[in-house]
Amino acid sequence: DGQFTPALNNKIVFSRILASYGCTVPEYYCLIRDGEMFQIGDRYRMRSPSDVAEACLSGGEFIVKPYTGGGGLRVTALSARDGKLLMNWKERSKDEVTAFLAQLSDGVVSQFIHQHEYASRIFPHSTNTIRILTMWDYELGEPFVPFAGHRFGRVASVPVDNCSQGGISCPIDVPTGVLGVARAGRTDREMSAHETHPDTGEQITGLEIPHWEFTIRKLVEICRQMAYIPYVGWDVVITQDGFAVTEGNSCPDLGHQAFGPLLEDPRVHAFYEKFHAL
């Protein structure tokens with residue numbers, strides 16, 4: 001992605017680019033840098049850790065995460081229930097919440113995106129995202145989707161769904177949006193397979209994702225309009241009425257090749273050759 005890599009890696013900047021193309025993205029309310037807080041927009045007053053805690057107690061639900069980087073590291077859900085503050089759905093005092101926010105060196109406070117009912121049913125304690133990989137077919141002058149996979153959190157990974165944090169993932173049949181067999185527990189010899197979620201028992205394999213055709217069509221339209229960013233690993237949340245993009249990745253983990261080698265697709269081979277990755 002060349003000179004646009006920093007824009008893609010910065011969650012606030014990339015969200016602004018996507019919003020200009022009509023894509024649904026989380027709102028960002030506050031930037032935290034070396035303990036100093038910078039309010040973004042006027043929806044919430046967030047000029048101090050105490051302001052964030054008060055916004056939660058007033059009904060706000062937020063995600064706090066680094067404004068660059070990925071892998072599900074240092075992600076925290078903030079909310080309140082019955083007048084009690086919650087961090088990752090566990091009760092915490094106001095002092096604990098404000099101390100957590102005050103020690104952050106790089107972070108953003110963003111909107112909590114509510115996922116579709118099917119994803120909450122499978123595992124309710126994380127936002128269960130879809131990774132969609134897009135590349136360009138330079139011969140045809142069109143973007144394409146060589147892979148899509150669904151991640152689901154587990155008890156060990158709360159509040160995130162990343163496999164590196166203990167979650168599981170399964171391939172998605174791109175033309176139909178149907179889920180395959182989930183994998184987890186990578187070792188030197190095997191990856192355990194699951195047709196149902198290992199913690200909740202809910203069916204995964206064979207489920208057809210809602211709004212799938214619309215999601216792929218819209219993402220491809222956006223890719224056409226921003227051809228200057230030809231390689232993106234999209235993190236997508238399916239919502240009740242569509243989808244939202246939580247972030248993009250300029251160097252997405254290719255661990256999903258456990259479900260099938262990318263280079264079996266000649267378009268992928270040609271793309272990586274063009275950029276001297278092979």
Side-chain angles (χ1 to χ4, degrees), residues 1-33 38 40-41 61-78 88 104-116 119 126-135 143 145-153 157-165 167 169 172 209 211 215-216 218-223 225-226 228-239 242-256:
D1 296 315
Q3 293 180 337
F4 280 91
T5 296
L8 181 59
N9 290 340
N10 188 300
K11 295 174 176 61
I12 297 175
V13 172
F14 193 56
S15 73
R16 295 293 191 268
I17 293 173
L18 294 182
S20 72
Y21 294 123
C23 183
T24 299
V25 294
E27 290 186 59
Y28 287 90
Y29 306 123
C30 178
L31 173 75
I32 305 171
R33 187 173 62 203
F38 302 87
I40 302 173
E61 297 177 88
F62 309 109
I63 289 291
V64 182
K65 59 185 177 181
Y67 51 77
T68 60
L73 299 173
R74 296 184 291 136
V75 176
T76 302
L78 292 180
N88 296 338
L104 294 177
S105 59
D106 66 322
V108 287
V109 180
S110 71
Q111 175 187 11
F112 183 92
I113 298 293
H114 287 272
Q115 63 192 350
H116 193 282
S126 67
T127 300
N128 302 303
T129 59
I130 294 173
R131 168 60 57 83
I132 299 174
L133 184 63
T134 58
M135 299 179 179
V145 177
F147 173 84
H150 209 311
R151 298 177 291 208
F152 295 98
S157 72
V158 174
V160 298
D161 60 354
N162 301 71
C163 294
S164 59
Q165 305 300 313
S169 65
I172 302 170
I209 299 170
H211 313 306
T215 299
I216 293 298
K218 182 65 176 178
L219 275 185
V220 169
E221 287 175 4
I222 292 170
C223 289
Q225 295 179 77
M226 57 176 217
Y228 49 89
I229 305 180
Y231 187 53
V232 182
W234 304 86
D235 286 343
V236 169
V237 178
I238 301 297
T239 61
F243 75 97
V245 173
T246 58
E247 60 186 74
N249 298 271
S250 64
C251 190
D253 181 4
L254 299 182
H256 51 250

To the nearest 0.5 Å, how far apart are [atom1] in [X] and [atom2] in [Y]?
{"X": "Asn249", "Y": "Tyr231", "atom1": "CG", "atom2": "OH", "answer": "10.0 Å"}
{"X": "Asn10", "Y": "Ser250", "atom1": "CG", "atom2": "OG", "answer": "11.5 Å"}
{"X": "Ser169", "Y": "His150", "atom1": "OG", "atom2": "NE2", "answer": "11.0 Å"}
{"X": "Ile238", "Y": "Gln115", "atom1": "CD1", "atom2": "CD", "answer": "10.5 Å"}
{"X": "Thr246", "Y": "Ile130", "atom1": "OG1", "atom2": "CD1", "answer": "10.5 Å"}

Please name the pair of heavy atoms, one in [X] and one in [Y], separated by the smallest distance, quoted to 0.1 Å.
{"X": "Asn88", "Y": "Thr76", "answer": "OD1-CA, 3.4 Å"}
{"X": "Ala7", "Y": "Ile17", "answer": "CB-CD1, 4.2 Å"}
{"X": "Ile40", "Y": "Leu31", "answer": "CD1-N, 3.9 Å"}
{"X": "Val25", "Y": "Gln111", "answer": "O-OE1, 4.1 Å"}
{"X": "Phe152", "Y": "Asn128", "answer": "CA-OD1, 3.3 Å"}

Is there side-chain contact between [X] and [Y], with at least one heavy-atom pair below 4.5 Å?
{"X": "Lys65", "Y": "Val108", "answer": "yes"}
{"X": "Leu219", "Y": "Val236", "answer": "yes"}
{"X": "Ile209", "Y": "Phe243", "answer": "no"}
{"X": "Pro26", "Y": "Ile63", "answer": "no"}
{"X": "Phe112", "Y": "Pro159", "answer": "no"}
{"X": "Ile132", "Y": "Ile172", "answer": "no"}
{"X": "Val109", "Y": "Leu78", "answer": "no"}

Sort out for me which residue in Asp1, Ile222, Thr5 forms a side-chain contact (heavy atoms from CB on, under 4.5 Å) with Ile229.
->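 Of the listed options, the one satisfying the test is Asp1.
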Do the side chain of Asp161 and the main chain of Thr129 share a donor and acceptor less than 3.5 angstrom apart?
->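 Here the side-chain-to-backbone pair exists.
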When you measure from the side chain of Ser157 to the backbone N and O of Gly153, does any donor-acceptor pair fall under 3.5 Å?
->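 Between the backbone of Gly153 and the side chain of Ser157 there is no qualifying donor-acceptor contact (under 3.5 Å).
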State which residues pass salt bridge (charged side-chain N to carboxylate O under 4.0 Å, His left out) with Asp235; sequence neighbours excluded, sorted by chain then number.
->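 Per chain and number, Asp235 pairs via salt bridge (charged side-chain N to carboxylate O under 4.0 Å, His left out) with Arg131, Arg151.
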Excluding sequence neighbours, so at least two apart, what forms salt bridge (charged side-chain N to carboxylate O under 4.0 Å, His left out) with Glu61?
->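 Per chain and number, Glu61 pairs via salt bridge (charged side-chain N to carboxylate O under 4.0 Å, His left out) with no residue.
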Report the residues that fulfil side-chain hydrogen bond (donor to acceptor under 3.5 Å, both in side chains) with Thr127, sequence neighbours left out, ordered by chain and then residue number.
->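 Applying side-chain hydrogen bond (donor to acceptor under 3.5 Å, both in side chains) to Thr127 gives none.
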Phe14 vs Trp234 aromatic rings, parallel, tilted or perpendicular, using cut-offs 30° and 60°?
->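 Rings of Phe14 and Trp234: tilted, 30 to 60°.
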With sequence neighbours left out, what residues match [X] under ring pair (Phe, Tyr, Trp, His ring centres under 6.0 Å)?
{"X": "Phe62", "value": "Tyr29, Tyr44"}
{"X": "Phe4", "value": "Tyr228"}
{"X": "Tyr21", "value": "none"}

Met226 and Val232: side chain to side chain contact (heavy atoms under 4.5 Å, CB included), yes or no, with the steps?
-> CA-CA 11 Å; Met226 57 176 217; Val232 182; 4.3 Å; yes
